[in-house]
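Order of listing sets the numbers, starting from 1, for every ligand and every atom in it.
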Amino acid sequence: MKRIALLGATGSIGRQALEIIEAHPGLELCAAASGSQPVDGLAPLTQAGGDLTDLLERAEPDLVLNAVVGFAGLPATLWALERGVDLALANKESLVAAGELALSAHQRGGGRLIPVDSEHSGAFQCLEGRSADQVHSLVLTASGGPFRGRVRDELDDVTPAAALAHPTWNMGPKITVDSATLANKGLELIEAHFLFDLPYDQIEVVVHPTSVVHALVRFRDGATLAHLGYPDMRVPISYALTYPERSATPIPALDLAGGMTLEFEPPDLETFPLLAHARTAGEQGGTYPCAFNAANEVAVAAFLEGRLPFLGIADVVADALAAADGSAARDLDELIAADEAARRHVEEALKVA
Ligand code: NAD
Ligand code: MG
């Protein structure tokens, strides 16, 4: 029996994970947590809000599924990595913000780090068992979000409701807005850099509107492996929870003869500059990715509250990056300071605007 601690149990990933765990006799939920919504009765140990590592200490899980949204998921990520407890990671923000600290904790702990993000789950499966020097490049696909094909002028008065109408994935509000701005793909670019130890110039992003191909790996011999499937997060969630078993799920097999065309195009970085900002922040390294993430979190929240226009999200993130110190964090306190500085910068900019 694999004992699972599910953090972010009330969210989009959390609810789908509950479904997978319930249907699998080899998986047992030992703990469940949320930010504030009630989780009583979901698991023997539950916690709403507060320091989730307290819950993890008590629960002694075999695997942590971190499906918290945002930087708030960082303590749980570090807790699992440091202790060598297997970590199924949906909370990409923690790896983006804390990349080097997280990787060294992972090295010390020695547990498994299995991505839940669909693109990274796909890439992980294409890469499995192969050394990085066999890889020519990794390709992450992006749906392009609800505003694909539009130009900047057409995004002036975009409402939160319009940004929340994602064409292919049904997700929590923060990641849905990130998908509309392409910040999500920027976070995923940095996530992939840390997960797969690949330099940024070996990671490409392409727009693929139907989200059937999740990732591709081009190898040095000219072969390319791709990961395909209907866009349904229960597949990567199940993969991560049951690894290496690859248990059955209710998701149907891919129907090719029914008619399927796979289209790819380059991302429009002029209209969706957050992807380019993320790449720059990733290449600059240090705490620039942390600042990118923090500024974006505050900007997205402000957009959803009607305090910032859609195009303003990229503007305030760019400003926060320009103002950031960026030097590498030697420990968690320094990382938290970099996160807070970027948040403050955006809050100040919002007050002035
Ligand atoms: P969501 O908003 O639906 O759910 C977030 C969950 O986190 C909720 O249970 C909430 O209570 C909890 N939470 C929020 N703040 C917290 C805090 N301070 N402490 C503890 N718990 C807190 O979000 P989601 O769409 O399920 O996304 C969760 C994570 O998974 C994000 O990092 C997202 O980028 C990633 N992800 C989601 C999807 C998807 O399809 N939804 C796909 C890929 C990756
Ligand atoms: Mg993804």
Side-chain angles (χ1 to χ4, degrees), residues 5-20 31-39 42-43 46-56 64-77 79 87-98 114-124 139-145 164 166-192 195 205 207-208 211 213-215 227 229-237 239-240 275 278 293 296-297 300-301 304 339:
L6 174 58
L7 311 179
T10 56
S12 161
I13 293 288
R15 288 192 307 270
Q16 295 177 83
L18 286 173
E19 192 187 314
I20 296 292
S34 72
S36 54
Q37 304 94 326
V39 274
L42 271 186
T46 57
Q47 185 175 314
D51 181 354
L52 299 186
T53 64
D54 289 343
L55 179 74
L56 294 173
V64 175
L65 171 49
N66 189 352
V68 170
V69 61
F71 189 75
L74 178 61
T77 289
W79 184 94
L87 175 63
L89 186 66
N91 177 249
K92 64 189 90 185
E93 294 92 343
S94 58
L95 189 60
V96 167
I114 310 165
V116 171
D117 217 341
S118 55
E119 298 77 5
H120 304 72
S121 177
F124 181 86
V139 184
L140 303 175
T141 60
S143 71
L164 289 174
H166 195 276
T168 54
W169 296 99
N170 186 5
M171 311 177 287
K174 192 260 178 182
I175 184 176
T176 306
V177 174
D178 284 348
S179 299
T181 62
L182 290 198
N184 181 51
K185 216 46 61 176
L187 294 169
E188 292 186 356
L189 174 70
I190 300 170
E191 181 187 13
L195 278 174
V205 171
V207 171
H208 166 54
S211 306
V213 180
H214 303 124
H227 185 282
Y230 293 118
D232 190 317
M233 286 308 293
R234 291 173 300 175
V235 177
I237 292 169
Y239 182 84
L275 175 54
N293 176 68
N296 183 59
E297 281 189 30
V300 170
L304 287 172
D339 170 86

### Query
S12 to ligand 1: N or O pair under 3.5 Å?
yes
### Query
Looking only at non-hydrogen atoms, which of A76, G50, G35 approaches atom 21 (N) of ligand 1 most closely?
G35
### Task
Report the nearest protein non-hydrogen atom to atom 35 (C) of ligand 1: residue, atom name, distance rounded to 0.1 Å.
A90 O, 3.1 Å
#### Entry: Side-chain touch I20/Q16, heavy atoms, less than 4.5 angstrom
no
### Task
Just give me the atom name: the N, O or S atom of E119 closest to the Mg ion (ligand 2).
OE1
### Message
With heavy-atom distances below 4.5 Å as the criterion, would you say the side chains of L195 and F124 are in contact?
### Response
no
### Task
Among the N/O/S atoms of E188, select the one at the shortest distance from the Mg ion (ligand 2) and name it.
OE2
### Query
Where is the nearest protein heavy atom to atom 43 (C) of ligand 1: which residue, which atom, and how far?
D117 OD1, 3.2 Å
### Message
For K174, state whether at least one heavy atom is located under 4.0 Å from any atom of ligand 1.
### Response
no
### Query
Do E93 and ligand 1 have an N or O pair less than 3.5 Å apart?
yes
### Message
A side-chain contact here means heavy atoms from C-beta on lying under 4.5 Å apart; do V116 and M233 qualify?
### Response
yes
### Message
Side chains of S94 and T77: any donor to acceptor distance under 3.5 Å?
### Response
yes
### Per-atom contacts of ligand 1 with A72, taking only distances under 4.0 Å to non-hydrogen atoms
17 (C), 18 (N)
#### Entry: Close N or O approach (T10, ligand 1; < 3.5 Å)
yes
### Query
Side-chain contact, heavy-atom cut-off 4.5 Å: S179 with W169?
no
### Message
What protein heavy atom lies closest to atom 34 (O) of ligand 1? Include the residue and the distance to one decimal.
### Response
K92 CE, 3.1 Å
## Note on the structure
Taking only non-hydrogen atoms of A9 and a 4.0 Å limit, the atoms of ligand 1 in range are 9 (O)
### Pick from L6, L55, V69: the one approaching atom 5 (C) of ligand 1 most closely through a non-hydrogen atom
V69
### Message
I'd like the name of whichever of D51, V68, I175 reaches closest to atom 31 (C) of ligand 1 through any heavy atom.
### Response
V68
### Close N or O approach (G8, ligand 1; < 3.5 Å)
yes
### Message
Whether the K92 and N184 side chains hold a donor-acceptor pair (N or O, under 3.5 Å, no angle test) is what I'd like checked.
### Response
yes
#### Entry: Validation row: N91, I13 side chains within 4.5 angstrom (heavy atoms)
no
### Query
Checking H227 side chain against S121 main chain: does a donor-acceptor pair fall under 3.5 Å?
no
### Query
For I13, is at least one N or O under 3.5 Å away from an N or O on ligand 1?
yes
### Query
Can a non-hydrogen atom of A33 be found less than 4.0 Å from any atom of ligand 1?
no
### Message
Taking the side chain as everything from C-beta on, heavy atoms only, tell me whether K185 gets closer than 4.5 Å to V207.
### Response
no
### Message
I'd like to check which ligand 1 atoms, numbered from 1 as shown, lie under 4.0 Å from a non-hydrogen atom of G11.
### Response
1 (P), 3 (O), 4 (O), 8 (C), 9 (O), 26 (O)
### Task
Give yes if a backbone or side-chain nitrogen or oxygen of L52 is under 3.5 Å from a nitrogen or oxygen of ligand 1, and no if not.
no
### Message
Show me which atoms of ligand 1 lie under 4.0 Å from any heavy atom of M233.
### Response
40 (O), 42 (C), 43 (C)
#### Entry: Distance filter under 4.0 Å to N91 heavy atoms, resulting ligand 1 atoms
32 (O)
### Message
On a heavy-atom basis, I'd like to know which of H166, Q37, R234, M171 is closest to atom 40 (O) of ligand 1.
### Response
M171
### Message
Test your reading of the structure: does G172 have an N or O sitting under 3.5 Å from an N or O of ligand 1?
### Response
yes
### Message
Quick check for you: to the nearest 0.5 Å, what is the distance between L52 atom CG and W79 atom CH2?
### Response
11.5 Å
### Query
Taking it one step at a time, do L55 and L7 satisfy side-chain contact (heavy atoms from CB on, under 4.5 Å)?
CA-CA 10 Å; L55 179 74; L7 311 179; 4.2 Å; yes
### Sub-4.5 Å side-chain heavy-atom contact between L164 and L304
yes
### Query
In the protein, what heavy atom is nearest to atom 28 (C) of ligand 1, and what distance, to one decimal place, separates them?
A67 O, 3.3 Å
### Task
Report yes if some heavy atom in the side chain of K174 is under 4.5 Å from a heavy atom in the side chain of E93; otherwise report no.
yes
### Message
Please name the atom of D117, limited to N, O or S, that comes nearest to the Mg ion (ligand 2).
### Response
OD1
### Query
Counting only N and O atoms by type, is there a donor-acceptor contact under 3.5 Å from the side chain of S143 to the main-chain atoms of S211?
no
### Query
Do other residues, nucleotides or ligands put more than 12 heavy atoms under 6.0 Å from D54 CG?
yes
